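One structure is given here, and the rest of the page talks about it.
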Amino acid sequence: MPELPEVESTRRHLVPVLEGRTLASIEVGRPRMLRRQAHPPDFVGRASGKTVRRLGRRGKFMLWDLGDDLTLVVHFGMSGRIRVADPTEPREPHTNVVWGVDEREVRFVDPRTFGFVACLTPEELDAALVGIGPDALDAPPTVDDLAAGLRGRRPAVKTALLDQRVVAGLGNIYADEVLHRAGIDPRRPAGSLETSELAAVVREIPAVLEDGLAHGGTSLDDLAYLLPDGRAGEFLGRLAVYGRTGQGCPRCGTRIRRAVVAQRSTHWCPTCQR
DNA sequence: AACGATCCCTGTTGGC
DNA sequence: TGCCAACAGGGATCGT
C-alpha cells in the first residue's frame, strides 16, 4: 500500500514532529522489524539521543538524517504506517517500534512486518539503497531514460514500472493508474512501446503521483494506510482503474478488466489502453 | 543475466 | 452462521 505518495504524505506530516527534535527513547517490540543492518541490536544504541536533522525520502524509503554519519531508514513494506500519538493514548495492535519525541510518541505500526527500520552508516546505507533508481517524483525519468530502462525487455510494461531500479516509487496501485492515463495496455512487452507512448508514460508518472500526494495518498480501507494523525488519505475515490474491476472506466465507461501480471493484480480499460 | 516462482507475515474477505 | 482458502499496498531470494 504505501507507495511514493503515501510515504511522502507521511514524511510531510512528520517534518514538524521530528525535525530538530531528539529521539529521547526508542522501544522495539518486535526485533524482526530491525533488518538491513549488519548488527540489528545496534539500532537502539545508534539512534538513541540523536537529533533528527532532516527527513528525506528516496522512492518508498523514508530517510531520517541523524547527523554523526547515521541515517535512520524506514520502509513500510505492505502494511506499515506511522502514527503520532500522545503517550496516554492506547497503542494499537502491532505497534512494533516507538520513538519518544518531546511529549509525543512516533509509532511504527506494521501487522505483516514486511516493513523494516534500520540505523545505518553511509556504507550500510549505500548497500541498502543499491539498485534503487531515480526517484519518480524528485528526479522523474526522461523519455530517453525510460527508453533505456525498457529497451529489449520482454516482460510486461507493468512489471518494468514496478522495478525500482528503473524508477523508484511506483507500486501496484499507481503503476496501474499511470498506464491507464498513458493509454497503454499493462500486458504489453516493456520493450514494445513507441516513443510517443514512452512520452505519455513519462508525463503521467509524476502527474499521477502528484495527484495522489495532493489528496494525502490512497487509503484502501481503515486498517491499512492512514496518515500519522489517523486520517485516511482521500485518493481512493479518484482511482480510475485500481480495484475497480467490472466498474465503468471514468473516461469511456467500458468495464474495467483485471488479470494477474507479474504476480500482482492488474487493472485496465480495454478500450482506452492499447 | 534475466526471468518467473516462492516466501516472508497477519488480517480480511468471499465462497461454500 | 461458520469455516477456510484466497488474497492484499513490497521486495528478497532462489531456481531455471
Side-chain angles (χ1 to χ4, degrees), chain A residues 1-10 29-37 40 57-62 73-82 92-97 108-118 124 127-133 135-136 148-179 186-187 189-191 208-209 212-213 215-227 232-236 238-239 241-246 258-267:
Chain A
M1 138 190 21
E3 306 180 30
L4 189 152
E6 290 74 39
V7 178
E8 179 63 11
S9 293
T10 298
R30 283 198 67 169
R32 177 179 143 77
M33 301 311 306
L34 307 180
R35 295 200 292 277
R36 307 289 187 95
Q37 196 162 343
R57 183 188 55 74
R58 172 118 164 248
K60 303 172 192 172
F61 293 77
M62 190 161 57
V73 180
V74 180
H75 195 289
F76 295 101
M78 291 272 270
S79 60
R81 62 189 171 84
I82 279 181
E92 53 197 301
H94 307 292
T95 297
N96 296 337
V97 181
F108 186 82
V109 181
D110 187 3
R112 293 176 73 182
T113 69
F114 288 179
F116 68 90
V117 297
E124 291 170 336
L129 296 181
V130 70
I132 301 300
D135 187 81
L150 305 191
R151 186 172 298 130
R153 294 179 66 152
R154 306 283 308 277
V157 60
K158 160 82 178 266
T159 309
L161 291 186
L162 292 177
D163 184 344
Q164 303 295 299
R165 294 171 300 185
V166 176
V167 51
L170 291 173
N172 206 35
I173 297 174
Y174 293 96
D176 279 3
E177 296 298 310
V178 164
L179 290 170
R187 301 167 298 174
V208 170
L209 295 175
L213 182 54
H215 294 277
T218 304
S219 294
L220 292 178
D221 55 58
D222 289 346
L223 297 169
Y225 163 77
L226 296 171
L227 290 156
E234 295 174 346
F235 198 59
L236 175 64
R238 309 181 103 85
L239 296 177
V241 289
Y242 183 86
R244 300 192 64 250
T245 310
R258 175 189 182 278
V260 174
V261 177
Q263 286 81 242
R264 315 299 281 275
S265 79
T266 297
H267 315 72

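Per chain, numbering begins at 1; letters A, B, ... match sequence-line order. Only a predicted model underlies this, so the values are computations on that prediction, with no experimental measurement involved.
For A:F61 and C:dG10, the CZ to P distance is 12 Å, given to the nearest whole Å. Rounded to whole Å, atom P of B:dC3 lies 17 Å from atom NZ of A:K158. Between the P atom of C:dG11 and the CD1 atom of A:I132 lies a distance of 7 Å, rounded to the nearest Å. For the pair A:R35 CZ and C:dA12 P, the computed distance is 10 Å after rounding to whole Å. For A:D110 and B:dC9, the CG to P distance is 12 Å, given to the nearest whole Å. In this structure, the CD atom of A:E92 is 14 Å from the C1' atom of B:dG11, given to the nearest Å. A:M33 has its CE atom 17 Å from the P atom of B:dC8, to the nearest Å. For the pair A:Y225 OH and C:dG10 P, the interatomic distance rounds to 14 Å; values are reported in whole Å.
No hydrogens or angles considered: a donor-acceptor pair under 3.5 Å links the side chains of A:E6 and A:Y174.
OP1 or OP2 of C:dG10 lies within a sub-4.0 Å distance of a side-chain N or O belonging to A:R264. Side-chain nitrogen and oxygen atoms of A:S79 include none within less than 4.0 Å of the OP1 or OP2 phosphate oxygen of B:dC9. Regarding contacts with the backbone of B:dC9, every side-chain N or O of A:H94 stays at 4.0 angstrom or more from both OP1 and OP2. Between A:R36 and C:dA12, a side-chain N or O to OP1/OP2 separation shorter than 4.0 Å is present. Side-chain N/O atoms of A:R165 include none lying less than 4.0 angstrom from OP1 or OP2 on B:dA1.
Note on A:F76: nothing from the nucleic acid sits closer than 4.0 angstrom, heavy atoms only. Across all strands, A:R153 comes closer than 4.0 Å only to sugar-phosphate atoms, never to a base (heavy-atom distances). Across all strands shown, A:R258 has heavy atoms under 4.0 Å from sugar-phosphate atoms exclusively, and none from any base.
Nucleotides C:dC7 and B:dA5 place their P atoms 15 Å apart, quoted to the nearest Å. Rounded to whole Å, the separation between the P atoms of C:dC3 and B:dC9 comes to 26 Å.
Side chain of A:E177 to backbone of A:V241: a donor-acceptor contact under 3.5 angstrom is found. Of the possible donor and acceptor atoms, none in the side chain of A:R151 sits under 3.5 Å from a partner among the backbone N and O of A:G191. Between the A:Q263 side chain and the A:V261 main chain, no donor and acceptor come within less than 3.5 Å of each other.
Among C:dG11, B:dC9, C:dA8, the nucleotide with an atom closest to any side-chain atom of A:H75 is C:dG11. Checking B:dG11, B:dG4, B:dC8 against every side-chain atom of A:P155, the shortest atom distance belongs to B:dG4. Residue A:E3 has its side chain nearest to C:dG10 when only B:dC9, C:dG10, B:dG11 are considered. Taking only side-chain atoms of A:T159, from C-beta outward, the nucleotide of B:dC9, B:dG4, C:dA12 with the closest atom is B:dG4. Considering only the side chain of A:Q263, B:dT6 comes nearest among B:dG11, B:dT6, B:dC9. If you check B:dC3, B:dC9, C:dG10 against the side chain of A:R30, the one that comes closest is B:dC9.
Look at B:dC9: it lacks any Watson-Crick or wobble partner with both distances under 3.5 angstrom.
Of the residues listed (A:R258, A:R187, A:K158), the one engaging A:D176 in a salt bridge (charged side-chain N to carboxylate O under 4.0 Å, His left out) is A:K158, and it is the only one.
Using cut-offs of 30° and 60° on the angle between ring planes, the pair A:F76 and A:F108 is parallel.
For A:R112 and A:Q164, each mapped to the nucleotide of DNA chain C holding its nearest heavy atom, the one lying further toward the 5' end belongs to A:R112.
Between A:R81 and A:D110, no side-chain nitrogen of the basic residue sits less than 4.0 Å from a carboxylate oxygen of the acidic one, so the salt-bridge criterion is not met.
Where stacking is scored as ring centres under 5.5 Å apart with planes under 30°, A:F114 registers as stacked on the base of B:dC8.
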